[in-house]
Q: 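Before anything else, here's the structure in question.
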Amino acid sequence: MKIPPVKGTRDFYPSEMTRRNWIIDGWKKVSVCNGFEEYDGPIFEYLKMYQIKSGDEIVEQLFSLQDRGGRDLAIRPEITPTLARMVNQQVNALPRPIKWFSVPRLCRAERPQKGRLREFFQWNFDIIGIDSPEADAEIIFTSLDYLRTTGLTSADIKAKISSRKLLAAVLTALGIAAEQFDTLYALLDKRTKLPPETFAELLAEQIPDSQQASRISAFMALESVEQIESVVPADEAVQNAITELKAVFAALKLMGVSDYCVFDPGIVRGLAYYTGVVFEIHDVVGQLRAICGGGRYDNLLRDFGGPAIPATGMGMGDCVLEILLHEKGLLDSQVPRRYLEYFVAFAVPTHTRTMYEIAAQIRSRGHSANFSYKLGGLSKQLKEAASQKAGKCVIIGQEYVDKQELVIKDMATGEQVLVDLGRFLSELEPD
RNA sequence: GUGAGAGUAGCUCAGCUGGUUAGAGCACUGGAUUGUGGAUCCAGGGGUCGCGGGUUCGAAUCCCGUCUUUCACCCCA
């Protein structure tokens with residue numbers, strides 16, 4: 001009986017595995033370069049942890065289970081609650097700022113579609129304990145720093161940046177009641193996805209005052225931070241939010257990525273916990289969902305029972321990223337292919353045992369080596385070596401029988417040299 | 001959870017309005033080639049046509065259900 005793979009999961013055959021490793025290695029390398037330390041937690045947690053942050057509806061979107069002690073658990077759909085828990089546990093002992101990253105494997109019980117599966121990897125990093133806008137800028141910078149190392153340019157992707165604090169201040173300045181914010185956020189977040197007329201209709205339903213509605217629309221259409229004051233009465237709260245955003249953009253300019261960054265008031269993000277700067281990075285064509293997203297969440301640690309400590313961070317999944325990199329031709333050209341350093345072959349049928357010995361000697365010196373199990377002719381062995389992408393072939397021939405000399409064949413150029421066995425092995429030793 | 005398309009060899013697909021024994025390319029294995037590889041040529045293996053039921057003398061083909069998959073919606077941590 002054939003058992004199919006589970007819905008929304010992927011099998012990583014060697015060729016897919018090299019791609020996955022290349023992406024994750026890139027994430028980790030950039031994290032370390034930007035001063036982050038790696039952490040990880042368990043792949044399941046108490047179900048309650050996710051309900052605290054996201055409410056009861058979330059239970060349907062995750063894989064939950066009960067252990068034999070009757071504990072309600074869930075496979076992690078995100079790692080931020082784990083991070084909050086871990087930080088809270090040792091909050092007084094940890095030096096600030098806390099700059100940590102992780103690449104957790106996550107599961108969500110959603111219906112799979114393009115760029116979204118039920119099991120995936122997500123790069124997360126956060127700066128905890130710093131409330132200055134430069135920390136938000138560093139989060140955005142680090143995301144872009146990775147993406148540009150893959151070869152994506154500012155013509156391919158843009159970081160769209162806004163601020164929850166700004167949006168709230170603007171809505172308040174326009175006379176909108178705070179109780180309306182959450183439903184309004186959901187609508188504003190969809191603005192660019194809806195036809196303009198549909199958006200206007202839905203907005204009118206929520207904001208009957210046409211003057212208020214048109215000023216909201218005007219704000220949402222802005223393209224730079226400088227224009228804000230021309231549309232909205234800049235009271236103190238709005239002014240503060242503008243100052244913060246300007247500081248973020250100024251820092252991004254100093255870090256050299258301003259080409260990638262734009263102000264976009266349409267970036268709201270679904271999650272209620274964001275409190276300040278929010279951002280998403282999108283492909284310029286706009287056919288894919290967001291490559292990554294993040295922002296400031298100053299209340300989360302307190303919500304998880306800890307002290308009020310400011311935090312900002314981001315998450316980037318592997319699915320959309322891989323689609324984009326593939327479409328841009330940046331995967332096949334950069335992901336390392338299989339490579340075998342040595343393939344040991346024999347030309348003298350009496351020396352098959354020597355083949356095993358030499359392969360073992362090469363391996364024990366830290367180099368990769370294979371040989372053929374088929375014991376066929378040299379032609380066959382070389383063919384097998386070629387299919388394994390061997391760099392060099394070591395051929396045991398009559399010269400070995402006579403003088404202990406090996407033929408070393410460079411598979412790329414076809415050149416061959418005769419080398420004494422002892423010398424060959426000593427040159428394999430690490431310096 | 002809602003809606004639409006798809007499912008034939010490992011992969012990409014052909015197979016007409018139902019009609020003998022289900023095909024191709026690529027991949028894989030072997031041979032041409034017992035001291036020289038990626039090319040070429042030849043041969044071979046591999047399919048309960050996703051699964052279950054129905055209609056029919058006869059189903060890969062038509063109908064229903066189901067599973068998987070793709071895309072969109074809801075949601076998006």
Q: In this structure, how many angstroms lie between the P atom of U36(B) and the CG atom of Leu418(A), rounded?
A: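 Checked: the CG to P distance equals 16 Å.
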Q: In whole angstrom, give me the gap between the C1' atoms of C26(B) and G46(B).
A: 15 Å
Q: Under 6.0 Å between the ring centres of Tyr342(A) and Phe424(A)?
A: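 Yes - the distance between ring centres of Tyr342(A) and Phe424(A) falls below the 6.0 Å cut-off.
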Q: Centre-to-centre under 6.0 Å for Tyr146(A) and Trp123(A), is that the case here?
A: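 They qualify: ring centres under 6.0 Å apart.
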Q: For residues 329-339 of chain A, tabulate all N or O donor-acceptor pairs below 3.5 Å that involve a side-chain atom, not counting sequence neighbours.
A:
unit_1: Ser333(A); atom_1: OG; unit_2: Gly329(A); atom_2: O; d: 2.9
unit_1: Gln334(A); atom_1: NE2; unit_2: Thr150(A); atom_2: O; d: 2.8
unit_1: Gln334(A); atom_1: NE2; unit_2: Leu330(A); atom_2: O; d: 2.9

Q: Among the candidates A77(B), U36(B), C74(B), find the nucleotide nearest to the side-chain atoms of Arg116(A).
A: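 The closest nucleotide is C74(B).
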Q: Just checking Gly8(A): base, sugar-phosphate only, or nothing, at a heavy-atom cut-off of under 4.0 Å?
A: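 The residue Gly8(A) makes sugar-phosphate contact but no base contact.
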Q: Hey, which of these two, Leu382(A) or Lys114(A), hits RNA chain B nearer its 5' end, going by closest nucleotide?
A: Leu382(A)
Q: Hey, does the side chain of Arg269(A) come within less than 4.0 Å of A77(B)'s phosphate (OP1/OP2), counting only N and O?
A: yes
Q: If you check every side-chain atom of Ala386(A), which of C74(B), U69(B), G37(B) has the closest atom?
A: G37(B)
Q: Atom NZ of Lys389(A) and atom P of G38(B): how far apart are they, to the nearest Å?
A: 12 Å
Q: Heavy atoms only, 4.0 Å cut-off, all strands: where does Gln381(A) land among base, sugar-phosphate and nothing?
A: nothing
Q: Report the residues that fulfil side-chain hydrogen bond (donor to acceptor under 3.5 Å, both in side chains) with Arg118(A), sequence neighbours left out, ordered by chain and then residue number.
A: none
Q: So Val348(A), base contact, sugar-phosphate only, or nothing? Heavy-atom distance under 4.0 Å.
A: nothing
Q: Could you tell me whether Gln61(A) contacts a base, only the sugar-phosphate backbone, or nothing, with contacts defined as non-hydrogen atoms closer than 4.0 Å?
A: base
Q: List the residues meeting side-chain hydrogen bond (donor to acceptor under 3.5 Å, both in side chains) with Tyr297(A), not counting sequence neighbours, and say none if there are none.
A: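 Partners of Tyr297(A) under the side-chain hydrogen bond (donor to acceptor under 3.5 Å, both in side chains) test: Asp126(A).
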Q: May I ask you to say what Lys409(A) touches in the nucleic acid, namely base, sugar-phosphate or nothing, with a heavy-atom cut-off under 4.0 Å?
A: base
Q: What nucleic acid atoms does Gln388(A) come within less than 4.0 Å of, heavy atoms only: base, sugar-phosphate, or nothing?
A: nothing
Q: Check the phosphate of U36(B) against Ser379(A), side-chain N and O only, distance under 4.0 Å to OP1 or OP2. Yes or no?
A: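 So the side-chain polar atoms of Ser379(A) never come under 4.0 Å of the phosphate oxygens OP1 or OP2 of U36(B).
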Q: Can you work out whether Gly414(A) or Lys193(A) has the more 5'-proximal nearest nucleotide on RNA chain B?
A: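 That would be Gly414(A).
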Q: Counting heavy atoms from C-beta on, name the nucleotide in G31(B), G30(B), U36(B) closest to the side chain of Lys374(A).
A: G30(B)
Q: Would you list the pairs meeting side chain to side chain donor-acceptor pair (under 3.5 Å) in which at least one residue belongs to residues 385-397 of chain A, sequence neighbours left out?
A: Asn370(A)-Gln388(A)
Q: Give me the distance, rounded to whole Å, that separates A6(B) from A43(B) when you measure between the P atoms they each carry.
A: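 Straight-line distance between the two P atoms is 37 Å.
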Q: Under the side chain to side chain donor-acceptor pair (under 3.5 Å) definition, can you give me all pairs with a residue in residues 89-111 of chain A, not counting sequence neighbours?
A: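 Those involving residues 89-111 of chain A are Arg85(A)-Gln89(A), Lys99(A)-Glu138(A), Arg105(A)-Glu119(A).
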Q: Does Lys383(A) place a side-chain N or O at less than 4.0 Å from the phosphate oxygens OP1/OP2 of A39(B)?
A: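 For A39(B), OP1/OP2 do not have a side-chain N/O of Lys383(A) under 4.0 Å.
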Q: At 4.0 Å (heavy atoms only), tell me whether Gln416(A) reaches a base, stays on the sugar-phosphate, or touches nothing.
A: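 Contact class for Gln416(A): base.
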Q: Between protein and nucleic acid, restricted to nucleotides 2-4 of chain B and to nitrogen or oxygen atoms under 3.5 Å apart, what atom pairs and distances do you find?
A:
unit_1: U2(B); atom_1: O4; unit_2: Arg111(A); atom_2: NH1; d: 2.0

